[in-house]
Protein chains: 4
Amino acid sequence: MVQGMANWNTGQTQKWLQQYVDDWVAFYRKRTNDGDVASYIPALAQADPDDLGISIIGKSGMTVRSGDTDMSFTLQSISKVISFIVACMECGVSYMLDRVDVEPSGEAFNSIMHLEMQQVEKPFNPLINAGAITVGSILPGKTSDQRLEPIFQLLENMVGYRPKLNVDVYESERDSSMRNRAIGYYLLETGFLESDLNVTLETYFKQCSIEVTIDDLANIGMVLANDGMNIKTGEAIIPRQIARIAKVLMLTCGMYDASGKFATYVGIPAKSGVSGGIVAAVPPRVRDEPMPFTDGCGIGVYGPALGDEGNSIAGIRLLRHIANQWDLSIF
Amino acid sequence: MVQGMANWNTGQTQKWLQQYVDDWVAFYRKRTNDGDVASYIPALAQADPDDLGISIIGKSGMTVRSGDTDMSFTLQSISKVISFIVACMECGVSYMLDRVDVEPSGEAFNSIMHLEMQQVEKPFNPLINAGAITVGSILPGKTSDQRLEPIFQLLENMVGYRPKLNVDVYESERDSSMRNRAIGYYLLETGFLESDLNVTLETYFKQCSIEVTIDDLANIGMVLANDGMNIKTGEAIIPRQIARIAKVLMLTCGMYDASGKFATYVGIPAKSGVSGGIVAAVPPRVRDEPMPFTDGCGIGVYGPALGDEGNSIAGIRLLRHIANQWDLSIF
Amino acid sequence: MVQGMANWNTGQTQKWLQQYVDDWVAFYRKRTNDGDVASYIPALAQADPDDLGISIIGKSGMTVRSGDTDMSFTLQSISKVISFIVACMECGVSYMLDRVDVEPSGEAFNSIMHLEMQQVEKPFNPLINAGAITVGSILPGKTSDQRLEPIFQLLENMVGYRPKLNVDVYESERDSSMRNRAIGYYLLETGFLESDLNVTLETYFKQCSIEVTIDDLANIGMVLANDGMNIKTGEAIIPRQIARIAKVLMLTCGMYDASGKFATYVGIPAKSGVSGGIVAAVPPRVRDEPMPFTDGCGIGVYGPALGDEGNSIAGIRLLRHIANQWDLSIF
Amino acid sequence: MVQGMANWNTGQTQKWLQQYVDDWVAFYRKRTNDGDVASYIPALAQADPDDLGISIIGKSGMTVRSGDTDMSFTLQSISKVISFIVACMECGVSYMLDRVDVEPSGEAFNSIMHLEMQQVEKPFNPLINAGAITVGSILPGKTSDQRLEPIFQLLENMVGYRPKLNVDVYESERDSSMRNRAIGYYLLETGFLESDLNVTLETYFKQCSIEVTIDDLANIGMVLANDGMNIKTGEAIIPRQIARIAKVLMLTCGMYDASGKFATYVGIPAKSGVSGGIVAAVPPRVRDEPMPFTDGCGIGVYGPALGDEGNSIAGIRLLRHIANQWDLSIF
């Protein structure tokens, strides 16, 4: 229990939490230079590696925001969670799980090898590229814009406005990602893809290029934490079963090759993107002592300097610190 | 919410739960013939494939037991959780995590390939054989009995009596497991092993051969669910951090190649063994409606007919059914 | 020594050899139904599985032709030898061997895994698809026709006329080979490709679609057997060093996953294609007893029914029989 | 053609060849410091990295010896060729090829991965450790000495005396080679091994520890070059078919991961060992111009400083130079 606090749900509490988070954002910002911003496309390479921001939104409405809170950045791999949710909502959970597995892969997110090596029935999970591209081929719609429409709608339902596509990032992704084209052609040949490859890759590159803020991520996390309900509107916008599966996948596969370590040291479902964003969903939990956000919260983090595994290096450390201090783990 | 129940903590409730579990044990017992008992050693091959039993112990002391509740069987891979906990308690968490990783492997539990293929720094996690054997080499003690002593003590603290070694099973394991010897020599050559290989393998084969019942497993699960505290004695017998890590590993790697599917469909930390046992730890959770065992529970299952991935086939189905019905998921 | 023959270089000999080969072509034609014609594009699927023909051209000019000698078929993988020779002639042996290795791969010809698994410096050899596509990217020329020009010229120098492109096959290959596009994009991303991917793949699909006959293949084999000299014209059309490397690659990697077995049982440099063609180059050799074609020969075989490894099933058996009978092995 | 020589089979020729080889031995000795002696056991680590010697024995009896000609060293992996030949002679070629394949592996000689990854029917070839250990399990005899007896006898038939076991090396190998024990237990579990593992490994470690000189290796190479006949005694000591297969394996798999490069740049069947020895077999060949040793020769090389792939670094360069100068290639 954090020193001197008996009840976390007061205005006094919020001030203390704010001060606490401000202190640690300042501390971990110094550690950003242990990492590097993604450099494979110019739009990402221009990010300021020293940026670091966090937004926490609790069920009760309590909000703590700190650091660089106003940056917008692209979803990148975080979009894989959203597109999988949308595909499950459009096509059914059984249909999707017949086509994409839910097992951690032990391999890099962009591995082709694994598909080939084990003559697998289906991609390991929807959060590796092979799985996400397969999901993109299943989404209904002839054009990429038709396929993206329900993704934009779900995002709007979660964050309260319709986010925009960053066209520069989209075009850079489209023109530079040879590995994803290789994966796409491989999937096409092995019969995993359900529709035209070019439309599928366009869909995938566009979903990666949707722009958000850390408040948006915190809202997304809050919806997932609440099993699919938007607590602001009281509306159930994702079926509970699908929200649960999304959280399972985030916990077991959400942080690239460091997913197991993140689960071990932090213990909350989260998904990172190469732009430096992280979304985390903290379900309500039972604690013997008073703790902040026991009724659950959503967290958005932005810190574009990445560690070896492709996750925001300062963002991970900040999340780890706060999660341990406030005992946010689901375990 | 289960029909007609407003409050789960009454004698009336217990009767209803008992009836409910009895019905489903009877139902899933019919499905045992979809699987086969392990056949690589005689002691396991003699198990009755139709056996199925479950024991659930809640924090409040409420207990539901059903089916073949009196069978004793060996821990097998379930012991990997115990030995890892003991090693962390003896040598420290940092020391252990420097030597064994905590990442899901995407490979079979007895894979050597993965070690070689990626020139990994360390075995993927302590629940695959390479990791468990490495753990066994780190446990303090010159002889296998010295190394097993703290394992027996921890088990005694959890289940209330000192369990016994099944000597027949141990000798069969020792004499038949060529793959584990191959893994052992590989680890020896690559420098992962910290002590004599023969003592290490003896330790490993012995820990696999400790005999338990489903009540024992339920008690073990209950201690883990309560972050290391034995609710009967009120004693903290495993440090909270270590109990948490154990649950993370059970969730991400506990059910062999079906770990992701189990997390997705069941959503609780659990570990299976090839003898047909499963231990599950259900932490306390918040639910909007009354649900059974919201203050957490430990579950022990026995069903020796195994599915393709090496987990009790009827046991998994029974757990899945009950977990969904009672909303036990941690997500 | 074949019964009753003291000197193989007479008209009488030729009659006997002709009779001998006719008998064995008839015999092995019955075995064609152990295999199947390639079916991934219509043009190959329409081949008659019962076809079998062989053409043997010796240095002295002695020729033995038998079976279906007039069929034309596409080079397919046999073209990989030609394009590698041309690339070496255009860019130099050192330049090429810096960019494509000469090691057998132990993997399927169309594997991506190997590139990824070992983070190899370069594709294993120019006779697997990844290597052949890399070679195609190095050939000088902005368009595929410019890159193919020296290939057509070399073929013309070897076979005496300018062969034609089978446009139907080319278009089918281009439209159906998703795996090769996957390999191409992978190579593009990892930096192996030296020029535009589409032009490179066009070049590759076109070179595979050049039409030849077994006499053409025998002439090609004869040039290679003679270290690059066309014995009919007396012209050195391939530098000796390059002809030698081509023969090494044919021996070690020429028959897909059965290369080692072909070397063991037959022992001559040869390359097969999925259309059912095989080219073999038999260098001059020393024998204690009189044997046919001791001054070397080129052999062309056609038999579109393929065995499991993608080689002409009757063609391999016919070659094996004749090579053992006439002691053609280079070992 | 080497300048100024019209006929290579005179005393004058021999002087010139001797001078020529002496010069190049002196030259390449300076390159030994690009490599390192094997260090995994003391007996090998004590070798003098500057040593370099070569022995060439022609069919006509012409012999050229140069450099450090009197060193004795252990066969190491060269013994794999011998034990495979003996096993073929004892059990039949078909029996052996049913149990060990003849395909290059594309993997390190001591890989376990390959066995596991592809669920192969049998080890890739008898020159990788998994194959050689399998061969050792098939050799008749209850004890390792019984199994080694025909190996010693064949060696005696080839080199003219019964070579000795280096007991120090044997004991070091036995005590240090954990990887080979890992491979052995893996083979035992998968059913490849035909007899007791300990006897098999003893056999393997002993055959690796047999002591020879470069003259011995040259004699062994000469027997193989002559399809199994000892030209000194006129005796056929290895059946021709088996001698041929041995040469195929040496060419395709004899120089570890550099086998393809050695075939490309040198072009003769050869096998190296980690002690720094190389045996090469040059069959008789046809050349338009006079060349040395056109009637075939055996070559033994010793140079314990090894390059990255485990082959004698100066030995390879010396062989390459001489083979190119004298046009020894079989292609």
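Letters A, B, ... are given to chains in the order of the sequence lines, protein chains preceding strands, and every chain is numbered from 1.
Classification of D/R240 and C/D327 as a salt-bridged pair holds, one side-chain N sitting under 4.0 Å from a carboxylate O.
Interface residue D/D101: only side-chain heavy atoms are found under 4.5 Å from chain C. Interface residue D/P269: only side-chain heavy atoms are found under 4.5 Å from chain C.
Among D/G296, D/G260, D/A243, the residue making the largest number of heavy-atom pairs under 4.5 Å with chain C is D/G260. Contact count against chain D (heavy-atom pairs under 4.5 Å) is highest for C/S259 among C/A281, C/P283, C/S259, C/A246.
Here the rule is side chain to side chain contact (heavy atoms under 4.5 Å, CB included) with D/I330, and of C/I330, C/L251, C/V248 only C/I330 fits it.
D/K261 is listed as a side-chain neighbour of C/E103, based on a closest heavy-atom distance under 4.5 Å. In this structure, C/Y265 and D/L97 have side chains that are in contact, with non-hydrogen atoms separated by less than 4.5 Å.
Here OG of D/S329 is found 4.5 Å from CZ of C/R244. Values are rounded to the nearest 0.5 Å. To the nearest 0.5 Å, the span separating CD on C/Q241 from OG1 on D/T264 amounts to 10.0 Å.
For D/N324, the CG atom counts as densely surrounded, since its 6.0 Å shell holds more than 12 non-hydrogen atoms of other residues, nucleotides or ligands. Crowding of C/D34 atom CG: a count of heavy atoms from other residues, nucleotides or ligands under 6.0 Å exceeding 12.
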